[in-house]
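Worksheet for the structure shown next.
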Amino acid sequence: MREISDIARQASPDVIHFLYGDGLYRYFGVGLGALKKYKIVITFHWARSGYLHRLSTKRICKHSSRAVVHSEYIASLFRKDGIDNVESIEYPVFKKAETDKREACAYFDLDPAVPTIGCIGGTRYDKGLDLLLEALGDVAHPFQLLVAGKEDTFDRAYIESHSGRFAKNVRLCLKYLTDDDFAHAIAACDIIALPYRKVFNGASGPMTEGVAAGKCIVGPNHGNLGFTIGTHDLGYLFETEDVASLRAALEQALSEPFRPSAAYSEFCDGLNVERFKADYLAIYRQLVGEEP
(Lines give C-alpha, C1' and ligand atoms only; values in the text may rest on other atoms or scores of the structure.)
Protein backbone atom coordinates (compact mmCIF):
# COMPACT_ATOMS: atom_id res chain seq x y z
CA MET A 1 0.00 0.00 0.00
CA ARG A 2 2.93 2.34 0.66
CA GLU A 3 4.26 1.55 -2.80
CA ILE A 4 0.87 2.34 -4.37
CA SER A 5 0.69 5.61 -2.39
CA ASP A 6 4.14 6.59 -3.67
CA ILE A 7 3.15 5.84 -7.26
CA ALA A 8 -0.10 7.78 -6.85
CA ARG A 9 1.73 10.86 -5.57
CA GLN A 10 3.96 10.81 -8.64
CA ALA A 11 1.30 9.94 -11.23
CA SER A 12 -1.66 11.92 -9.79
CA PRO A 13 -4.26 9.53 -11.26
CA ASP A 14 -7.97 10.27 -11.48
CA VAL A 15 -8.84 6.69 -10.56
CA ILE A 16 -6.94 3.88 -8.83
CA HIS A 17 -8.34 0.45 -9.71
CA PHE A 18 -7.49 -2.60 -7.61
CA LEU A 19 -8.14 -5.51 -9.98
CA TYR A 20 -7.95 -8.13 -7.22
CA GLY A 21 -9.73 -6.80 -4.16
CA ASP A 22 -9.75 -10.29 -2.63
CA GLY A 23 -6.12 -9.70 -1.69
CA LEU A 24 -7.21 -6.90 0.65
CA TYR A 25 -9.52 -9.07 2.79
CA ARG A 26 -6.86 -10.33 5.16
CA TYR A 27 -5.89 -6.87 6.39
CA PHE A 28 -9.37 -5.30 6.31
CA GLY A 29 -8.26 -2.81 3.67
CA VAL A 30 -5.58 -1.22 5.88
CA GLY A 31 -3.89 1.55 3.94
CA LEU A 32 -6.85 2.51 1.74
CA GLY A 33 -7.43 5.55 3.95
CA ALA A 34 -4.14 6.99 2.70
CA LEU A 35 -5.64 7.05 -0.80
CA LYS A 36 -8.85 8.86 0.10
CA LYS A 37 -8.06 11.84 -2.16
CA TYR A 38 -8.39 9.52 -5.17
CA LYS A 39 -11.36 7.72 -6.68
CA ILE A 40 -10.97 4.04 -5.79
CA VAL A 41 -12.45 1.14 -7.78
CA ILE A 42 -12.05 -2.38 -6.36
CA THR A 43 -12.95 -5.59 -8.20
CA PHE A 44 -13.85 -8.61 -6.08
CA HIS A 45 -13.89 -12.12 -7.57
CA TRP A 46 -15.45 -13.98 -4.63
CA ALA A 47 -18.22 -13.39 -2.11
CA ARG A 48 -16.86 -14.44 1.27
CA SER A 49 -19.46 -15.79 3.68
CA GLY A 50 -17.70 -15.75 7.08
CA TYR A 51 -18.46 -12.98 9.56
CA LEU A 52 -14.93 -11.54 9.51
CA HIS A 53 -14.74 -11.66 5.71
CA ARG A 54 -18.07 -9.86 5.43
CA LEU A 55 -16.94 -7.27 7.96
CA SER A 56 -13.71 -6.82 6.01
CA THR A 57 -15.65 -6.43 2.75
CA LYS A 58 -17.85 -3.71 4.25
CA ARG A 59 -14.81 -1.85 5.58
CA ILE A 60 -12.99 -2.05 2.24
CA CYS A 61 -16.03 -0.90 0.29
CA LYS A 62 -16.49 2.02 2.68
CA HIS A 63 -13.08 3.27 1.56
CA SER A 64 -13.86 2.79 -2.14
CA SER A 65 -15.84 4.82 -4.65
CA ARG A 66 -17.10 1.72 -6.42
CA ALA A 67 -16.96 -2.04 -5.87
CA VAL A 68 -17.24 -4.29 -8.92
CA VAL A 69 -18.16 -7.99 -8.95
CA HIS A 70 -18.60 -10.39 -11.84
CA SER A 71 -22.19 -11.53 -11.31
CA GLU A 72 -25.50 -10.07 -10.22
CA TYR A 73 -25.76 -12.81 -7.61
CA ILE A 74 -22.58 -11.69 -5.84
CA ALA A 75 -23.74 -8.08 -6.12
CA SER A 76 -26.96 -9.06 -4.33
CA LEU A 77 -24.94 -10.53 -1.44
CA PHE A 78 -23.01 -7.29 -1.10
CA ARG A 79 -26.24 -5.26 -1.08
CA LYS A 80 -27.70 -7.50 1.64
CA ASP A 81 -24.76 -6.42 3.81
CA GLY A 82 -25.56 -2.76 3.20
CA ILE A 83 -22.95 -2.17 0.49
CA ASP A 84 -24.74 0.06 -2.00
CA ASN A 85 -21.80 1.18 -4.16
CA VAL A 86 -21.46 -2.18 -5.91
CA GLU A 87 -21.96 -2.90 -9.63
CA SER A 88 -21.98 -6.15 -11.56
CA ILE A 89 -19.94 -6.51 -14.75
CA GLU A 90 -19.97 -10.01 -16.23
CA TYR A 91 -16.46 -11.27 -16.97
CA PRO A 92 -15.93 -11.70 -20.71
CA VAL A 93 -14.44 -14.36 -22.92
CA PHE A 94 -11.39 -12.64 -24.39
CA LYS A 95 -10.91 -14.95 -27.33
CA LYS A 96 -13.47 -17.48 -28.49
CA ALA A 97 -12.05 -20.89 -29.27
CA GLU A 98 -12.16 -21.50 -33.00
CA THR A 99 -10.85 -25.06 -32.87
CA ASP A 100 -12.83 -27.68 -34.77
CA LYS A 101 -14.35 -30.41 -32.55
CA ARG A 102 -12.92 -33.24 -34.62
CA GLU A 103 -9.46 -31.70 -34.50
CA ALA A 104 -9.82 -31.07 -30.75
CA CYS A 105 -10.86 -34.70 -30.13
CA ALA A 106 -7.82 -35.92 -32.06
CA TYR A 107 -5.66 -33.66 -29.87
CA PHE A 108 -6.72 -35.69 -26.80
CA ASP A 109 -7.28 -39.05 -28.55
CA LEU A 110 -11.05 -38.84 -28.07
CA ASP A 111 -13.73 -40.36 -30.29
CA PRO A 112 -15.77 -37.47 -31.80
CA ALA A 113 -18.79 -39.76 -32.14
CA VAL A 114 -19.05 -40.31 -28.36
CA PRO A 115 -20.27 -37.49 -26.06
CA THR A 116 -17.39 -36.01 -24.07
CA ILE A 117 -17.73 -34.68 -20.53
CA GLY A 118 -15.03 -32.20 -19.62
CA CYS A 119 -13.72 -31.41 -16.14
CA ILE A 120 -11.35 -28.57 -16.91
CA GLY A 121 -9.03 -26.73 -14.54
CA GLY A 122 -6.87 -27.62 -11.55
CA THR A 123 -7.91 -30.76 -9.67
CA ARG A 124 -8.42 -28.98 -6.34
CA TYR A 125 -10.62 -30.39 -3.58
CA ASP A 126 -13.20 -27.59 -3.85
CA LYS A 127 -13.74 -28.43 -7.52
CA GLY A 128 -15.08 -31.88 -6.64
CA LEU A 129 -13.44 -34.16 -9.19
CA ASP A 130 -13.82 -37.04 -6.75
CA LEU A 131 -17.59 -36.50 -6.69
CA LEU A 132 -17.70 -36.54 -10.48
CA LEU A 133 -15.76 -39.81 -10.68
CA GLU A 134 -18.11 -41.42 -8.18
CA ALA A 135 -21.19 -40.18 -10.05
CA LEU A 136 -19.92 -41.44 -13.41
CA GLY A 137 -19.46 -44.96 -12.03
CA ASP A 138 -23.15 -45.76 -12.57
CA VAL A 139 -23.98 -43.58 -15.59
CA ALA A 140 -25.71 -45.73 -18.19
CA HIS A 141 -25.34 -43.57 -21.30
CA PRO A 142 -22.11 -43.81 -23.35
CA PHE A 143 -19.59 -41.07 -22.55
CA GLN A 144 -15.93 -40.11 -22.50
CA LEU A 145 -14.28 -38.07 -19.74
CA LEU A 146 -11.58 -35.49 -20.31
CA VAL A 147 -9.78 -34.22 -17.21
CA ALA A 148 -7.53 -31.33 -18.17
CA GLY A 149 -5.66 -29.12 -15.74
CA LYS A 150 -2.87 -28.95 -13.22
CA GLU A 151 -2.65 -31.83 -10.73
CA ASP A 152 -3.61 -30.79 -7.21
CA THR A 153 -5.55 -32.67 -4.54
CA PHE A 154 -6.52 -35.45 -6.92
CA ASP A 155 -3.53 -36.74 -8.86
CA ARG A 156 -3.19 -39.17 -11.74
CA ALA A 157 -3.03 -42.19 -9.44
CA TYR A 158 -6.26 -41.17 -7.68
CA ILE A 159 -8.12 -40.56 -10.94
CA GLU A 160 -6.99 -43.84 -12.48
CA SER A 161 -7.84 -45.85 -9.36
CA HIS A 162 -11.31 -44.29 -9.08
CA SER A 163 -12.34 -44.52 -12.74
CA GLY A 164 -13.45 -48.14 -12.40
CA ARG A 165 -15.33 -49.62 -15.32
CA PHE A 166 -15.05 -46.47 -17.47
CA ALA A 167 -11.24 -46.14 -17.14
CA LYS A 168 -10.73 -46.89 -20.85
CA ASN A 169 -12.87 -43.84 -21.70
CA VAL A 170 -10.85 -41.38 -19.61
CA ARG A 171 -8.28 -39.02 -21.11
CA LEU A 172 -5.95 -37.06 -18.85
CA CYS A 173 -4.03 -33.88 -19.56
CA LEU A 174 -2.68 -33.17 -16.08
CA LYS A 175 -0.55 -30.07 -16.43
CA TYR A 176 -0.84 -26.31 -16.46
CA LEU A 177 -2.89 -25.71 -19.60
CA THR A 178 -1.52 -23.48 -22.33
CA ASP A 179 -4.02 -21.31 -24.22
CA ASP A 180 -3.90 -23.89 -27.01
CA ASP A 181 -4.52 -26.78 -24.58
CA PHE A 182 -7.46 -24.94 -23.02
CA ALA A 183 -9.02 -24.04 -26.39
CA HIS A 184 -8.78 -27.65 -27.55
CA ALA A 185 -10.24 -28.92 -24.26
CA ILE A 186 -13.30 -26.67 -24.54
CA ALA A 187 -13.81 -27.54 -28.20
CA ALA A 188 -13.54 -31.29 -27.58
CA CYS A 189 -16.28 -31.34 -24.94
CA ASP A 190 -20.03 -31.59 -25.36
CA ILE A 191 -20.68 -31.11 -21.64
CA ILE A 192 -18.71 -28.97 -19.20
CA ALA A 193 -19.05 -30.51 -15.74
CA LEU A 194 -18.67 -28.32 -12.66
CA PRO A 195 -18.93 -30.72 -9.68
CA TYR A 196 -17.89 -27.94 -7.30
CA ARG A 197 -18.38 -28.13 -3.55
CA LYS A 198 -20.28 -25.57 -1.46
CA VAL A 199 -17.07 -23.80 -0.44
CA PHE A 200 -16.70 -22.64 -4.05
CA ASN A 201 -18.74 -19.49 -4.63
CA GLY A 202 -16.93 -17.63 -7.37
CA ALA A 203 -17.04 -17.34 -11.13
CA SER A 204 -15.98 -20.24 -13.36
CA GLY A 205 -13.74 -19.73 -16.36
CA PRO A 206 -14.56 -23.13 -17.89
CA MET A 207 -18.26 -22.28 -17.58
CA THR A 208 -18.07 -18.95 -19.42
CA GLU A 209 -15.67 -20.33 -22.03
CA GLY A 210 -18.00 -23.28 -22.46
CA VAL A 211 -21.02 -21.05 -22.94
CA ALA A 212 -19.13 -18.97 -25.50
CA ALA A 213 -18.58 -22.22 -27.41
CA GLY A 214 -22.22 -23.31 -27.08
CA LYS A 215 -21.61 -26.18 -24.65
CA CYS A 216 -24.04 -27.70 -22.16
CA ILE A 217 -23.17 -26.84 -18.55
CA VAL A 218 -23.81 -29.25 -15.65
CA GLY A 219 -23.27 -27.44 -12.37
CA PRO A 220 -24.24 -27.16 -8.69
CA ASN A 221 -27.43 -25.44 -7.58
CA HIS A 222 -25.79 -23.30 -4.88
CA GLY A 223 -24.43 -19.78 -4.88
CA ASN A 224 -23.23 -17.87 -7.88
CA LEU A 225 -22.97 -20.85 -10.22
CA GLY A 226 -26.45 -22.12 -9.41
CA PHE A 227 -27.92 -18.64 -9.90
CA THR A 228 -26.13 -18.10 -13.22
CA ILE A 229 -26.85 -21.52 -14.72
CA GLY A 230 -30.48 -21.48 -13.61
CA THR A 231 -31.26 -17.86 -14.53
CA HIS A 232 -29.74 -18.11 -17.99
CA ASP A 233 -30.75 -21.69 -18.80
CA LEU A 234 -27.17 -22.82 -19.39
CA GLY A 235 -27.78 -26.54 -18.85
CA TYR A 236 -28.60 -28.74 -15.87
CA LEU A 237 -28.35 -28.23 -12.11
CA PHE A 238 -27.74 -30.79 -9.39
CA GLU A 239 -27.91 -30.70 -5.61
CA THR A 240 -24.45 -29.58 -4.50
CA GLU A 241 -22.25 -32.42 -3.17
CA ASP A 242 -25.03 -34.96 -3.83
CA VAL A 243 -23.54 -37.71 -6.01
CA ALA A 244 -26.92 -39.23 -6.96
CA SER A 245 -28.23 -35.82 -8.05
CA LEU A 246 -25.06 -35.16 -10.06
CA ARG A 247 -25.43 -38.57 -11.74
CA ALA A 248 -29.05 -37.80 -12.68
CA ALA A 249 -28.05 -34.42 -14.18
CA LEU A 250 -25.31 -36.07 -16.24
CA GLU A 251 -27.70 -38.76 -17.46
CA GLN A 252 -30.14 -36.07 -18.53
CA ALA A 253 -27.43 -34.11 -20.33
CA LEU A 254 -26.27 -37.25 -22.14
CA SER A 255 -29.75 -38.42 -23.08
CA GLU A 256 -30.60 -35.70 -25.60
CA PRO A 257 -28.87 -33.15 -27.84
CA PHE A 258 -28.36 -29.78 -26.15
CA ARG A 259 -30.10 -26.87 -27.84
CA PRO A 260 -29.28 -23.41 -26.42
CA SER A 261 -32.35 -21.38 -25.50
CA ALA A 262 -32.94 -17.67 -26.09
CA ALA A 263 -31.81 -16.95 -22.52
CA TYR A 264 -28.60 -18.93 -23.12
CA SER A 265 -27.89 -17.01 -26.34
CA GLU A 266 -28.55 -13.66 -24.65
CA PHE A 267 -26.09 -14.50 -21.86
CA CYS A 268 -23.53 -15.66 -24.42
CA ASP A 269 -23.87 -12.41 -26.38
CA GLY A 270 -22.98 -10.47 -23.22
CA LEU A 271 -19.64 -12.23 -22.79
CA ASN A 272 -17.78 -9.94 -25.17
CA VAL A 273 -14.77 -7.75 -24.49
CA GLU A 274 -16.23 -4.58 -26.00
CA ARG A 275 -19.15 -4.67 -23.57
CA PHE A 276 -16.76 -5.33 -20.68
CA LYS A 277 -14.58 -2.36 -21.66
CA ALA A 278 -17.57 -0.08 -22.13
CA ASP A 279 -19.00 -0.95 -18.69
CA TYR A 280 -15.73 -0.18 -16.92
CA LEU A 281 -15.18 2.99 -18.92
CA ALA A 282 -18.66 4.17 -17.90
CA ILE A 283 -17.70 3.73 -14.23
CA TYR A 284 -14.42 5.63 -14.67
CA ARG A 285 -16.15 8.49 -16.48
CA GLN A 286 -18.88 8.68 -13.88
CA LEU A 287 -16.36 8.85 -11.05
CA VAL A 288 -14.23 11.50 -12.75
CA GLY A 289 -17.34 13.61 -13.24
CA GLU A 290 -18.38 13.38 -9.57
CA GLU A 291 -17.61 16.06 -7.04
CA PRO A 292 -14.84 14.97 -4.64
Side-chain angles (χ1 to χ4, degrees), residues 22 45-51 53-54 69-74 76-77 80 115-141 143-167 169-170 172 174 189-211 215-255 258:
D22 309 64
H45 299 265
W46 289 70
R48 310 287 179 164
S49 57
Y51 172 76
H53 273 121
R54 291 169 60 199
V69 295
H70 291 315
S71 81
E72 189 54 44
Y73 173 81
I74 295 177
S76 72
L77 296 181
K80 284 181 181 178
T116 297
I117 299 168
C119 191
I120 302 172
T123 62
R124 302 195 314 259
Y125 177 79
D126 61 332
K127 289 192 160 187
L129 175 58
D130 56 327
L131 303 177
L132 177 63
L133 294 175
E134 185 178 351
L136 288 172
D138 291 317
V139 166
H141 288 84
F143 70 89
Q144 300 170 111
L145 174 65
L146 172 64
V147 180
K150 185 179 178 182
E151 282 184 272
D152 202 301
T153 308
F154 305 109
D155 60 10
R156 178 180 296 272
Y158 181 94
I159 297 168
E160 290 177 346
S161 66
H162 287 75
S163 297
R165 66 174 184 81
F166 61 90
N169 296 329
V170 178
L172 303 179
L174 300 178
C189 296
D190 301 285
I191 299 164
I192 303 295
L194 310 173
Y196 300 172
R197 287 181 159 86
K198 292 178 182 178
V199 292
F200 187 101
N201 195 22
S204 167
M207 183 193 76
T208 52
E209 294 280 352
V211 171
K215 308 298 182 177
C216 174
I217 309 299
V218 174
N221 65 356
H222 81 281
N224 179 51
L225 288 176
F227 174 88
T228 304
I229 296 169
T231 301
H232 303 288
D233 196 19
L234 304 183
Y236 302 96
L237 291 169
F238 61 88
E239 188 71 31
T240 308
E241 299 184 34
D242 185 318
V243 171
S245 180
L246 172 55
R247 182 182 301 118
L250 291 167
E251 291 276 25
Q252 191 172 6
L254 289 165
S255 67
F258 179 69

Main-chain N/O of [Y] paired to [X] side chain as donor or acceptor, under 3.5 Å:
X: K215; Y: C189; value: yes
X: T208; Y: G205; value: yes
X: R247; Y: V139; value: no
X: T116; Y: D190; value: no

Do H141 and E251 pass the side-chain hydrogen bond (donor to acceptor under 3.5 Å, both in side chains) test, and can you show the C-alpha distance, the side-chain angles, and the key distance before you say yes or no? CA-CA 7 Å; H141 288 84; E251 291 276 25; 2.5 Å; yes

Check whether any side-chain heavy atom of [X] sits under 4.5 Å from a side-chain heavy atom of [Y], and report yes or no.
X: L132; Y: L145; value: yes
X: T153; Y: D126; value: no
X: E209; Y: I192; value: no
X: L172; Y: E160; value: yes
X: V147; Y: L174; value: yes

Between [X] and [Y], what is the shortest heavy-atom contact and its length?
X: F258; Y: C216; result: CG-CB, 3.6 Å
X: H45; Y: D22; result: N-OD1, 2.9 Å
X: G219; Y: I229; result: CA-CD1, 3.7 Å
X: L254; Y: P115; result: CD2-CB, 3.7 Å
X: T123; Y: D152; result: OG1-N, 2.7 Å
X: L133; Y: S163; result: CD2-OG, 4.3 Å

Roughly how far, to the nearest 0.5 Å, is the [atom2] atom of [Y] from the [atom1] atom of [X]?
X: F154; Y: I159; atom1: CZ; atom2: CD1; value: 9.0 Å
X: T228; Y: D233; atom1: OG1; atom2: CG; value: 13.0 Å
X: L246; Y: L136; atom1: CG; atom2: CG; value: 7.0 Å
X: E72; Y: L77; atom1: CD; atom2: CG; value: 10.0 Å
X: I191; Y: C119; atom1: CD1; atom2: SG; value: 12.5 Å

Using a 3.5 Å cut-off and no angle test, enumerate the donor-acceptor pairs between side-chain atoms of residues 193-200 and protein atoms at least two apart in sequence or in another chain.
| unit_1 | atom_1 | unit_2 | atom_2 | d |
| --- | --- | --- | --- | --- |
| R197 | NE | Y125 | OH | 3.2 |
| R197 | NH1 | Y125 | O | 2.8 |
| R197 | NH1 | D130 | OD1 | 3.0 |
| R197 | NH2 | D130 | OD1 | 3.4 |
| R197 | NH2 | D130 | OD2 | 2.8 |

With sequence neighbours excluded, give me every ring pair (Phe, Tyr, Trp, His ring centres under 6.0 Å) pair touching residues 221-244. Y73-F227, H232-F267

Sorted by chain and residue number, the side-chain contact (heavy atoms from CB on, under 4.5 Å) partners of N221 (sequence neighbours excluded) come out as L237, E239, T240

